Amino acid sequence: MVTTAAAAWDVAAAVPDPELPMLTLAELGVLAGVETDGGAVTAWLTPTYSGCPAIAEMAADVDSRLRAAGYPDVRVRLRLDPPWSTDRITEDGRRKLAEAGIAPPGPAGPPLLRLGPTRHRVVACPQCGGTDTEELSRFGSTACKALWRCRGCREPFERIKEI
């Protein structure tokens, strides 16, 4: 079977993230590449962080979808360099997060090189769009989320942290 990387990419790119099922792995920026060599397909995943507990499930889902699409020789590999950052989330991914009531991250920017207070960011409420919001906890339902509240509409919401 001769395959094209673009066709295999389309299959792998449609796999939903197990923790944020409103996003695909491509929209989240976890799908880092797809290569073909004759009939073999190699999909590269870059986890959101090195200890991500969902990466095994992501790899199994990509493998399963590619095999179901007719690719018998599938390999799913991890790529840690360059590391994942929230800048890899696509515009569609950011829109879908907001539609799901999760505030998308802003630009991560360059790595911080000094210790100091956390940068203050204006975070818009995904419910009403107001910017009078506050962080309630750096720890949300997953390691990549924080818990916030809107002072305007009084609704709590989760936010993806910039990394």
Side-chain angles (χ1 to χ4, degrees), residues 9-34 42-66 75-163:
W9 169 273
D10 288 344
V11 172
V15 174
D17 178 73
E19 291 181 336
L20 299 166
M22 74 292 285
L23 298 182
T24 66
L25 296 183
E27 291 166 335
L28 187 56
V30 168
L31 183 63
V34 174
T42 301
W44 294 92
L45 302 180
T46 299
T48 55
Y49 66 99
S50 61
C52 178
I55 197 67
E57 187 172 343
M58 292 178 196
D61 289 347
V62 168
D63 182 274
S64 173
R65 291 280 184 106
L66 285 167
R75 296 174 187 100
V76 180
R77 307 272 193 242
L78 297 184
R79 180 177 287 163
L80 301 178
D81 187 27
W84 183 87
S85 100
T86 49
D87 288 343
R88 293 175 68 151
I89 300 174
T90 67
E91 287 304 313
D92 278 346
R94 293 171 192 277
R95 178 186 48 78
K96 288 180 179 180
L97 284 170
E99 289 172 357
I102 299 172
L112 295 176
L113 300 176
R114 63 180 175 86
L115 296 176
T118 304
R119 287 182 281 182
H120 177 72
R121 294 185 185 272
V122 174
V123 175
C125 172
Q127 308 298 327
C128 71
T131 56
D132 185 13
T133 59
E134 63 181 339
E135 183 179 73
L136 298 178
S137 173
R138 290 287 298 156
F139 306 100
S141 60
T142 63
C144 60
K145 296 181 204 168
L147 183 60
W148 283 64
R149 176 177 55 199
C150 178
R151 291 184 182 115
C153 70
R154 311 292 294 165
E155 289 292 324
F157 61 92
E158 290 189 304
R159 176 172 180 266
I160 303 290
K161 301 173 198 169
E162 290 87 5
I163 56 172

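All of these numbers come straight from a predicted model, not from anything done at the bench. In what follows, residues are counted from 1 in the order of the sequence shown.
Within the 3.5 Å criterion, the main-chain N or O of Val123 finds a donor-acceptor partner in the side chain of Thr133. Judged by distance alone, with hydrogens and angles left aside, the side-chain atoms of Glu158 form no donor-acceptor pair with the main-chain N or O of Gly101 at under 3.5 Å. A distance-only check finds a donor-acceptor pair linking the side chain of Trp84 to the backbone of Leu28 [under 3.5 Å]. With hydrogens and angles disregarded, a donor-acceptor distance shorter than 3.5 Å links the side chain of Arg88 to the backbone of Gly29.
Taking a cutoff of 4.0 Å between a charged side-chain nitrogen and a carboxylate oxygen, Glu27 and Lys96 qualify as a salt bridge. Ionic pairing of Arg95 and Glu91 is not present here: no N-O contact between side-chain nitrogen and carboxylate oxygen is shorter than 4.0 angstrom.
Counting non-hydrogen atoms of other residues, nucleotides and ligands closer than 6.0 Å to CZ of Phe139 gives a total of 12 or fewer.
At a threshold of 4.5 Å between non-hydrogen side-chain atoms, the residues Leu45 and Arg79 do not count as touching. No side-chain heavy atom of Thr42 sits less than 4.5 Å from a side-chain heavy atom of Val34. Looking only at side-chain heavy atoms (C-beta outward), Arg151 and Glu134 come within less than 4.5 Å of each other. Residues Pro105 and Lys161 form no side-chain contact, since every pair of their non-hydrogen atoms from C-beta on lies 4.5 Å or further apart. Under the 4.5 Å side-chain criterion, counting only non-hydrogen atoms from C-beta, Ile160 is not in contact with Pro104.
Between the CG atom in Leu97 and the CZ atom in Phe157 there is a gap of 12.5 Å [rounded to 0.5 Å]. The CG atom of Asp17 lies 8.0 Å from the SG atom of Cys144; values are rounded to the nearest 0.5 Å.
Nearest heavy atoms, Pro82 versus Thr46: O-CG2, 3.8 Å. Across every non-hydrogen atom of Ala32 and Trp9, the tightest pair is C-CZ3, 4.5 Å. Here the closest non-hydrogen pair linking Arg94 and Gly106 is NH1-O, 4.3 Å. Closest heavy-atom contact between Pro126 and Ala98: CB-O, 3.8 Å. Residues Ala12 and Val62 come closest through the heavy atom pair CB-CG1, 4.1 Å.
Checked against side-chain hydrogen bond (donor to acceptor under 3.5 Å, both in side chains), Glu19 has no partners two or more places apart in sequence or in another chain.
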